[in-house]
Every structure is written in structure tokens, then in C-alpha cells.
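Below you'll find the structure, written out as C-alpha cells, and then a few comments.
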Amino acid sequence: MSLRIVVTVKYVPDATGDRHFADDLTVDRDDVDGLLSELDEYAVEQALQIAEDADDAEVTVLTVGPEDAKDALRKALSMGADKAIHVEDDDLHGTDAIGTSLVLAKAVEKAGYDLVISGMASTDGTMGVVPALLAERLGVPQVTLLSEVSVEDGTVKGRRDGDAASEQLEASLPAVVSVTDQSGEARYPSFKGIMAAKKKPVESWDLGDLDVDAEEIGLEGAWTKVDSATERPARTAGTIVKDEGEGGKQLAEFLASQKFI
Amino acid sequence: MAEVLVYVDHVDGAVRKPTLELLTLARRVGEPVAVALGNGAGDTAATLAEHGAVKVLTHEAAEYADYLVVPKVDALQAAVEAVSPAAVLVPSSAEGKEIAARLALRIGSGIITDAVDLEAGDEGPVATQSAFAASYTTKSRVSKGTPVITVKPNSAAVEAAPAAGAVEALAVTFSDQATGTKVTGRTPRESTGRPELTEAAIVVSGGRGVNGADNFSIIEALADSLGAAVGASRAAVDAGWYPHTNQVGQTGKSVSPQLYIANGISGAIQHRAGMQTSKTIVAVNKDPEAPIFDLVDYGVVGDLFDVVPQLTDEVKTRKG
Ligand SMILES: Cc1cc2nc3c(=O)[nH]c(=O)nc-3n(C[C@H](O)[C@H](O)[C@H](O)COP(=O)(O)OP(=O)(O)OC[C@H]3O[C@@H](n4cnc5c(N)ncnc54)[C@H](O)[C@@H]3O)c2cc1C
Ligand SMILES: Nc1ncnc2c1ncn2[C@@H]1O[C@H](COP(=O)(O)O)[C@@H](O)[C@H]1O
């Protein structure tokens, strides 16, 4: 029986760009180019490796996001995923983590799955909670923040490097997994992969297809409210000295003046 | 006064510092009621009472160590149902955020993660957060349900505020999901004897410029002279020079010490994301154009192999 893997990928503003908030205090997606969140590339990579090791597997990439989020799906398809699902709806603007997890859960269920693989965190929101929320909603085990993952005989195993200890985890499928950037370099799309991606199917679903109540999503439906966003004042220029043999001593003098020594 | 639940992060009964900081913040919003789970839960009470916990709800069971996250969510949910708190505060560790998120979903609440400050507001607690690699500061609040908020280490001072700290057993029934993810093995991290990276008052970090695992002894020597924790950039970690647990940045730890010393680190946005809110920032880098110099209070353009050992010697001399 085929192993159905769904990878959740997010389209985010490029972290190296000058990111801002829009007037409604949502993430401004107009001024900075978007891309597939780099941390979700690791999820795509692990999905492809698990699929390669399985007898028969299919990798579907899923995003919830605006029109341009198709770029993120294309990138994942060109890395080697088989097909894509784009959940797009004007009512989604401003949806928070709880709402996003609802839409993702409905979409994952509609697509059919044995294994969901997510990134460790999105590079814009950086909450790192959607995979746990997804597991809670789907009622399946969460096997998250793995730096190593494998699937065999309907069981997912992995290593989670926590603060106090490194843990070996194990759960039966279906399950939700998330992987860290320690899980292994993500592959670059090959030219062949890029060409092939153009012919791969991308389905578009809206909230009607998913039976999601508009009250639970969007800016109005959000469970949290941002009241203000203030740009942090640039740090005032400090003192910079060139080491002419006394740099270490000068630095010590500075630290002493600040009472650190 | 309304009660505020505080989730206790402890190791076999030894309460970790971020939890004590949470108690400080919790007192601004209500009366702290602590929830301590797992092995040694009862031993946390004295410390928690000293820092303002009016009550300590405890529950010990093997499930907390043997299965991932969900047993703790079950217990915290039981505590919410028992207390009906005005808010739930959880330390912002990777696990803390996952526990908080699942709890929020279950009790029909919103969640705010990685708050760096918290104050009382007319419509419930207001959380301060940093966004976009700390280039923005936002104020937000939970608008539905009981606010569930995770708070980063070093967000408040630990204050003594003796309270009753009466220990009460929490009744917990584990859900069907509780045993879904089994912990089949655990390798505790070896202690280095240095302060915890996220809790340290001073962090000394090394990057690609350190150029080799052995050379990290130079960074460690400076750290030890200052009583500091050691950090590393991802480039140094990826090269295998220093453990990933010490990585500072977007996919490592975020730190907010009184003093951050970056050595041989360029200052990429993903690194800045984890250290930009440090109070005082110092850098040693041989490239005067390195972006890290945009952040510093004091910078030395020079070779770290000259500057750092000289600094270490000078610190030792001055400290006598
Ligand atoms: C999704 C994602 C997540 C990431 N997460 C993180 C993260 O959590 N943490 C992180 O740090 N990075 C992270 N990165 C990587 C980040 O983009 C940078 O690549 C990394 O921070 C660079 O590390 P570095 O400054 O040590 O190395 P480099 O950028 O190579 O800089 C080395 C510096 O050392 C200086 N130098 C060299 N020799 C000497 C000498 N002898 N004396 C003095 N100075 C010297 C050089 O002038 C240079 O400025 C992430 C990247 C991505 C895409
Ligand atoms: N809008 C989205 N569409 C698809 N996947 C998402 C979306 N938001 C979050 N995710 C997934 O959840 C992970 C964690 O996101 P977060 O909790 O927002 O940091 C990401 O790495 C993605 O795999």
C-alpha cells in the first residue's frame, strides 16, 4: 500500500529583505520577495528521502497562503515532490496559528495521509507550534523537532535534541512529524526537476472546499490581536577601534567602564 | 485577585530560572498558582513559595518522562479546569511552546509565544514580542478565551516574594493521545559547569573565524574568565567545531544577556535574530565591513587570535 506523505510548506517574505508590517499589522507581503521558507526545505528533503526508501510512496506538498504562494509549491515540486495543493481564499488574510492549523488539518484530511511532515518553524512567524497543533487537531501522535527521522513498517522513529537531553522517539502512523535544520542539507532542484515540476498537478482549494467556518479564520476570527508594532530604533553607533596591538586591553577597559569586570 | 497558572520547568525538583522569572511576571496579572509535574514535582514547592506561588499543584507519574508532550498537556488542562485562571504562563522552550499550543487549542484560547515582557491591561495581559529578527517590537494580547502565553528566558528579574505555596495534589486523567509518542531512549546532556546559554548574564560566542574545534578553547577561556556561557554561530556548529546546543540564532537559542561578545562572527540576519536584544554587544572581527559592527557598542577590528587571549589575560589580571 502506498505511503501517503503530506508536507506542509509556508511561503514567507525573504528574511534577508527589509521586512515590515502592513497597516493592519499583518506581515507585509508586498515589499519583500517571497520564497519557500528555508526551514520547510528540510521537511521536503526528509519526505523525499522517506519516499525513496519506501516501496511505494507519494509526496504531496500543501500550502495555505496567497496567490504567490504557488512559488513555494513549485520549488518543492522541482525538488521532487509529486503533487501540490494550494489553499487560497481571500478570507484567509490575517489568520493566526490556531486558525492556520485548522485549515491545514482539514486540507490534510481531505488529501488523505499516513504521514505529515512540517518544518520546525516558519521563518516569519517563528512560533514553531503549527505541527503540535496539527497533531492535536488530527488526533495523531506528534513526533516533532527531529534531527533524524526514519519510517519503517508503519512506525516513525526519530531523534529529538532537547535542552536537557537527546531523546529517541517512536510512534505508529499516521503521525505528524517536524524536522529541524540539523536533519540534513536539502537538495537543490535539478534542471530536469525544474522542467518536470511545470507539468506536475497543483490543485487549488478554497475554504468552501474544506468546510471551514469563516468565523474561525482571518483577522476577525483570530484568537490573538496585535495592538501595535514599532520599529526598534537602530542601535546607536558604538565605538570601533582597530587593533594595533592593544585591542584586547582596550576592550577590557571598555568592559571595566561598563562594570562587567 | 484572579489566579494565574504558571507551568514549572524543573529537573527532578530543581526549578529552572525562567520559571522564577515567570512568577515575577505572573504577579503583575494575578496570584501565581504553579503546576509542577513528573519526578520531583513536590520538591519544587519551597522555591516556588519563596518566589510568590500561593499554591503548587503537583502530580507525579511515569508518563511525563515516557511519552512526549501530551501527558503534560492533559495535566495542564486539568489544572485550568480546576483553577479557572485569568491566564496561563509557560516558559518559552521548544517543549513549552508545544505544550502551550495544544493546551490553547483544547481550551478554545489563543496563544502568544516568545513574549519578552508582560503587563496587565484592560482587556487582559498585554505581551511584548520581538518580530523579524528583533527589528520590530509588538504588543499583543489574546482576544479569545483564557490567554496562554509563553515567555522567553531573561524577560524579567527573579524577585523573592514569599507566599504560602501550599502543595495540592492535582487529579489528572490521561487522554487516549497521551501515550502516542513513546520516548524509547534518553541521553542526558553532559554539564559543562558553565551557565546555561539562555540564562547567562554574559555570553561569549565564536564563529567561522575561530577556524577549528581546538581553537574554541580560546573562546572558552575568555568565557571562563568572565563566568560566561559559550555560544557559537551556525557556521561553527555545521563545521562540527561546537555542539548544536550552543548555537545562537534563529534555529538555535535566542539569548538576551547583559553582555554578548561575538568573535569571528559576521552577523548574518539569522544570527542576529538570536542575540540582537542583548543589552551590550561587543565584537571582534578582522573585517571592518562585517555587519556585526552595525550592532556593537564596542568593536575591535582585528585578529581574534591576538585580541581574545589578550582580553582574557587582562580580565584575569583585573579580577585579580
Ligand atoms: C534558515 C536558516 C537558519 C539559520 N539559523 C542560524 C542560526 O541559528 N545561527 C547562526 O549563527 N546562523 C544561522 N544561519 C546561518 C547564517 O545565515 C550565517 O551563515 C552564519 O551565521 C554565519 O556564521 P559566521 O558568522 O560564523 O560565519 P561567516 O559569515 O563566514 O563569518 C565569519 C566571520 O569571521 C571573521 N573572521 C575570520 N577569521 C577571523 C579572525 N582570525 N579574527 C577575527 N575575525 C575573523 C570574518 O571576517 C567573518 O566576518 C541560518 C541560515 C538559514 C538559511
Ligand atoms: N500557511 C502555512 N501553510 C503551510 N504550512 C504551514 C503554514 N504555516 C505553518 N506551516 C507549517 O508549520 C511549520 C511551523 O510553523 P509555525 O508554527 O508558524 O512556526 C512550518 O515549518 C510549516 O511546515
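Numbered from 1 within each chain, the chains take letters A, B, ... in sequence-line order.
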Carefully, step by step, assess B:Lys253 and A:Asp163 under the rule side chain to side chain contact (heavy atoms under 4.5 Å, CB included).
-> CA-CA 10 Å; B:Lys253 302 271 156 52; A:Asp163 281 348; 3.1 Å; yes
Using a cut-off of under 4.5 Å on heavy-atom pairs, state which of B:Lys286, B:Arg186, B:Glu314 scores highest against chain A.
-> B:Arg186
Decide yes or no on salt bridge (charged side-chain N to carboxylate O under 4.0 Å, His left out) for B:Glu98 and A:Arg160, but give the supporting numbers first.
-> CA-CA 14 Å; B:Glu98 293 185 330; A:Arg160 170 169 165 130; 3.0 Å; yes
B:Ser143 side chain vs A:Trp223 backbone, donor-acceptor pair below 3.5 Å | yes
Gap separating the NZ atom of B:Lys182 from the OG1 atom of A:Thr155, nearest 0.5 angstrom | 13.0 Å
Between A:Glu38 and B:Gln250, does a side chain to side chain contact (heavy atoms under 4.5 Å, CB included) hold up when you go through it step by step?
-> CA-CA 12 Å; A:Glu38 280 150 317; B:Gln250 186 186 10; 5.9 Å; no
Working to the nearest 0.5 Å, report the span between CD of B:Gln247 and CG of A:Asp181.
-> 6.0 Å
Determine, for B:Asp297 against A:Arg235, whether the closest basic-nitrogen to carboxylate-oxygen distance falls under 4.0 angstrom.
-> yes
With a 4.5 angstrom heavy-atom cut-off, which part of A:Ala164 approaches chain B: side chain, backbone, both or neither?
-> backbone
Exam field: side chain B:Gln310 to backbone A:Gly245, donor-acceptor pair closer than 3.5 Å = yes
What are the two closest heavy atoms between A:Leu145 and B:Ala94, and how far apart are they?
-> CD1-CB, 3.6 Å
So, the part of B:Ala133 with a heavy atom under 4.5 Å from chain A: the answer is both
When the 4.5 angstrom heavy-atom criterion is applied to B:Leu68 and chain A, the contacting part is side chain
Please answer whether the main-chain N or O of A:Thr230 pairs with a side-chain N or O of B:Lys139 as donor and acceptor at a distance below 3.5 Å.
-> no
Max heavy-atom pair count under 4.5 Å with chain B, selected residue of A:Leu251, A:Val129, A:Ile261, A:Asp243 = A:Leu251
Does any heavy atom of chain A fall under 4.5 Å from the side chain of B:Leu295, the backbone, both, or neither of them?
-> both
Relative to chain A, which segment of B:Val11 carries a heavy atom at a distance below 4.5 Å: side chain, backbone, both, or neither?
-> neither
Residue, of A:Thr236, A:Thr16, A:Asp96, A:Ile98, that accumulates the most heavy atom pairs under 4.5 Å with chain B | A:Ile98
Taking the side chain from B:Arg189 and the backbone from A:Gly162, do they hold a donor-acceptor pair closer than 3.5 Å?
-> yes
Mind checking the OG1-CD spacing from A:Thr123 to B:Gln270? Nearest 0.5 Å is all I need.
-> 8.5 Å
Go through A:Ser166, A:Ser147, A:Ala15 and name the one with the most non-hydrogen pairs under 4.5 angstrom from chain B.
-> A:Ser166
Interchain contact, B:Ser130 with chain A, by part (heavy-atom threshold 4.5 Å) | side chain
Most heavy-atom pairs under 4.5 Å with chain B, out of A:Ser101, A:Ala237, A:Ala222, belong to A:Ala222
B:Glu95 versus chain A, the contacting section by heavy-atom distance below 4.5 Å | both
Roughly how far apart are B:Leu259 CG and A:Phe254 CZ, rounded to 0.5 Å?
-> 8.0 Å
Evaluate side chain to side chain contact (heavy atoms under 4.5 Å, CB included) for B:Ile261 paired with A:Leu255, printing each intermediate quantity in order.
-> CA-CA 11 Å; B:Ile261 308 184; A:Leu255 296 182; 4.3 Å; yes
Applying side chain to side chain contact (heavy atoms under 4.5 Å, CB included), run through B:Val315 and A:Phe260 and close with a yes or a no.
-> CA-CA 10 Å; B:Val315 172; A:Phe260 289 114; over 6 Å; no
Chain B contacts, top residue of A:Lys249, A:Lys242, A:Glu244 (heavy-atom pairs, under 4.5 Å) | A:Lys249
In terms of the angle between their ring planes, are B:Tyr136 and A:His20 parallel, tilted or perpendicular, with boundaries placed at 30° and 60°?
-> perpendicular
Output the option from A:Gln258, A:Met120, A:Glu253, A:Gln142 having the highest count of non-hydrogen pairs under 4.5 Å with chain B.
-> A:Gln142
Region of B:Val284 in contact with chain A, defined by heavy-atom distances below 4.5 Å = side chain
